[in-house]
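A short worksheet on the structure shown next.
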Amino acid sequence: MAAMPLAPANGIDVFYDEVGDRTDPTILLISGLGSQMVAWDAEFCAGLAGRGFHVVRFDNRDVGMSTRFDARVDVLGLLRARAAGEPLLPVPYLLGDMAGDAVGLLDHLGVERAHVLGVSMGGMIAQTVAIAHPARVLSLTSIMSTTGDLDVGAPTSDASRSLLSPPARTREEYQDAAVRNAGVWGSPGLFDVDRLRRVAGESWDRGYDPSGTARQLAAITASGSRSGALARIAVPTLVIHGTADTLVQPSGGERTAEVIPDAKLLMIEGMGHDLAPPLWPTVIDAIAAHAAEHAP
């Protein structure tokens, strides 16, 4: 990996790194809720770079080494209000702001157009980039994500309890939680416990802040449905989802592919809410083939 600098982007500082030749088409990797850029495994990034791409990963706002915020949010209150159709209290930022961060990073790198790829919340941000900044997007890949509609993609009760469980107080607790959560929503029999503990430990060391995750969840909740806007985009889209996903159930990916014109849907049997190493060849092949079809 190259040096890992801060980029001024959309009024904040975004911490990022890159691998591959800058003259190759760029794939921008956008992380999920509370996840730092180190969740994109270096081997996975190298696999994409080896297929002829300049790969960029970064910390979203409010996690890792990017700019942090400090406002308090009532996530449970927001979730209840949205479910009841009641007005929502203001939140510090929305998914549109996070999409602006991603575009600001592209500006900093001098990348006019990129293949934009996100997982989970990152998929929501990637979708929002395609909605709000379509001229910057060569192709969109939305993985284990959803449209923001309340009738699809909801977590199972077990996954919801795990997601909203009290935050870890120590590095070891955080590592234990990563393994425990994988048992709830990871790819059954495929996730790597040692890797999970390593990434969780690295994330803790880089800067663990559960209040940032809460603000990101508030942004998801307050941003609402994207279905209407997604139905109007003309960005070439690939949707990838796992049949065993319990955190964003498969209906979320299916709805995403339904509403985006001409979107391709790849359902991966046995994949949960993770990118388990045994699935990397399948996922990398799909991403690379989709991007190659829509070269700059």
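These figures come from a predicted structure and were not determined experimentally.
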Q: For Asp205, look at atom CG and say whether over 12 heavy atoms of other residues, nucleotides or ligands are found less than 6.0 Å away.
A: yes
Q. So with a 6.0 Å cut-off around CD of Glu293, is the heavy-atom count from everything else above 12?
A. yes
Same apolar cluster (I L V M F W Y, side chains within < 4.5 Å links), [X]/[Y]:
{"X": "Val239", "Y": "Leu138", "value": "no"}
{"X": "Ile131", "Y": "Ile220", "value": "yes"}
{"X": "Ile30", "Y": "Ile12", "value": "yes"}
{"X": "Leu164", "Y": "Trp185", "value": "yes"}
{"X": "Val111", "Y": "Met98", "value": "yes"}

Distance from [X] atom [atom1] to [Y] atom [atom2], nearest 0.5 Å?
{"X": "Tyr208", "Y": "Arg171", "atom1": "OH", "atom2": "CZ", "value": "13.5 Å"}
{"X": "Ser225", "Y": "Leu230", "atom1": "OG", "atom2": "CG", "value": "7.5 Å"}
{"X": "Ser223", "Y": "Gln127", "atom1": "OG", "atom2": "CD", "value": "11.5 Å"}
{"X": "Thr141", "Y": "Ile27", "atom1": "OG1", "atom2": "CD1", "value": "7.5 Å"}
{"X": "Leu247", "Y": "Asp158", "atom1": "CG", "atom2": "CG", "value": "11.5 Å"}
{"X": "Asp17", "Y": "Phe58", "atom1": "CG", "atom2": "CZ", "value": "11.5 Å"}

Where do [X] and [Y] come nearest, in terms of heavy atoms and distance?
{"X": "Phe191", "Y": "Ala182", "result": "CE2-O, 3.4 Å"}
{"X": "Ser35", "Y": "Val63", "result": "O-CG2, 3.7 Å"}
{"X": "Ala102", "Y": "Leu28", "result": "CB-CD2, 3.9 Å"}
{"X": "Ser203", "Y": "Val38", "result": "OG-CG2, 3.5 Å"}
{"X": "Met267", "Y": "Pro250", "result": "CE-CB, 3.7 Å"}
{"X": "Asn60", "Y": "Ser31", "result": "ND2-O, 3.1 Å"}

Q) Passes salt bridge (charged side-chain N to carboxylate O under 4.0 Å, His left out), Arg197 versus Asp194? Steps please. A) CA-CA 5 Å; Arg197 295 192 70 86; Asp194 290 339; over 6 Å; no
Q: With sequence neighbours excluded, give me every salt bridge (charged side-chain N to carboxylate O under 4.0 Å, His left out) pair touching residues 108-137.
A: Asp107-Arg136
Q. Quick one: salt bridge (charged side-chain N to carboxylate O under 4.0 Å, His left out) pairs with a partner in residues 58-67, sequence neighbours left out?
A. Asp59-Arg206, Arg61-Asp101, Asp62-Arg215
Kindly assign one of parallel, tilted or perpendicular to the pair [X] and [Y], based on the angle between their ring planes and the thresholds 30° and 60°.
{"X": "Phe69", "Y": "Tyr93", "answer": "tilted"}
{"X": "His294", "Y": "His290", "answer": "perpendicular"}
{"X": "Phe44", "Y": "Trp280", "answer": "perpendicular"}

Report all side-chain donor-acceptor pairs from residues 252-261 shorter than 3.5 Å, counting only partners two or more places apart or in another chain.
{"unit_1": "Arg255", "atom_1": "NH1", "unit_2": "Asp149", "atom_2": "OD2", "d": "3.2"}
{"unit_1": "Arg255", "atom_1": "NH1", "unit_2": "Asp151", "atom_2": "OD1", "d": "3.2"}
{"unit_1": "Arg255", "atom_1": "NH2", "unit_2": "Asp151", "atom_2": "OD2", "d": "3.0"}
{"unit_1": "Thr256", "atom_1": "OG1", "unit_2": "Gly252", "atom_2": "O", "d": "2.7"}

Q.
For Asn181 and Leu196: C-alpha separation, side-chain torsions, deciding distance, then whether side-chain contact (heavy atoms from CB on, under 4.5 Å) applies.
A. CA-CA 10 Å; Asn181 289 338; Leu196 289 170; over 6 Å; no
Q. Less than 4.0 Å between a side-chain N and a carboxylate O, is that true for Arg195 and Glu43?
A. no
Taking C-beta and beyond as the side chain, do [X] and [Y] meet within less than 4.5 Å on heavy atoms?
{"X": "Thr237", "Y": "Asp262", "value": "no"}
{"X": "Pro8", "Y": "His108", "value": "yes"}
{"X": "Arg226", "Y": "Leu95", "value": "yes"}
{"X": "Leu48", "Y": "Leu29", "value": "yes"}
{"X": "Met65", "Y": "Met37", "value": "no"}
{"X": "Leu109", "Y": "Thr26", "value": "no"}

Q) For Ser187, what residues pass the side chain to side chain contact (heavy atoms under 4.5 Å, CB included) criterion, not counting sequence neighbours? A) Leu190, Met271, Asp274, Ala276, Leu279
Q) Quick one: which of Leu140, Val235, Val103 gives a side-chain contact (heavy atoms from CB on, under 4.5 Å) with Val129? A) Val103
Give every donor-acceptor pair under 3.5 Å between a side-chain atom in residues 71-84 and any protein atom, sequence neighbours left out.
{"unit_1": "Asp74", "atom_1": "OD1", "unit_2": "Gly77", "atom_2": "N", "d": "2.9"}
{"unit_1": "Arg82", "atom_1": "NH1", "unit_2": "Gly148", "atom_2": "O", "d": "3.2"}
{"unit_1": "Arg82", "atom_1": "NH2", "unit_2": "Gly148", "atom_2": "O", "d": "2.7"}

With a 3.5 Å cut-off and sequence neighbours excluded, list the donor-acceptor pairs that the side chains of residues 114-124 form with protein atoms.
{"unit_1": "His115", "atom_1": "ND1", "unit_2": "Ser139", "atom_2": "OG", "d": "2.7"}
{"unit_1": "Ser120", "atom_1": "OG", "unit_2": "His273", "atom_2": "NE2", "d": "2.8"}

Q: Go through the steps for Arg51 and Asp285 under the test side-chain contact (heavy atoms from CB on, under 4.5 Å), then give the verdict.
A: CA-CA 9 Å; Arg51 302 293 289 270; Asp285 282 350; 2.6 Å; yes
Q) Distance-only, no hydrogens or angles: does the Ser165 side chain make a donor-acceptor pair with backbone N or O of Ser162 under 3.5 Å? A) yes
Q | Test log, rule side-chain contact (heavy atoms from CB on, under 4.5 Å), inputs Gln216 and Leu33 | A | CA-CA 7 Å; Gln216 290 183 348; Leu33 176 68; 3.6 Å; yes
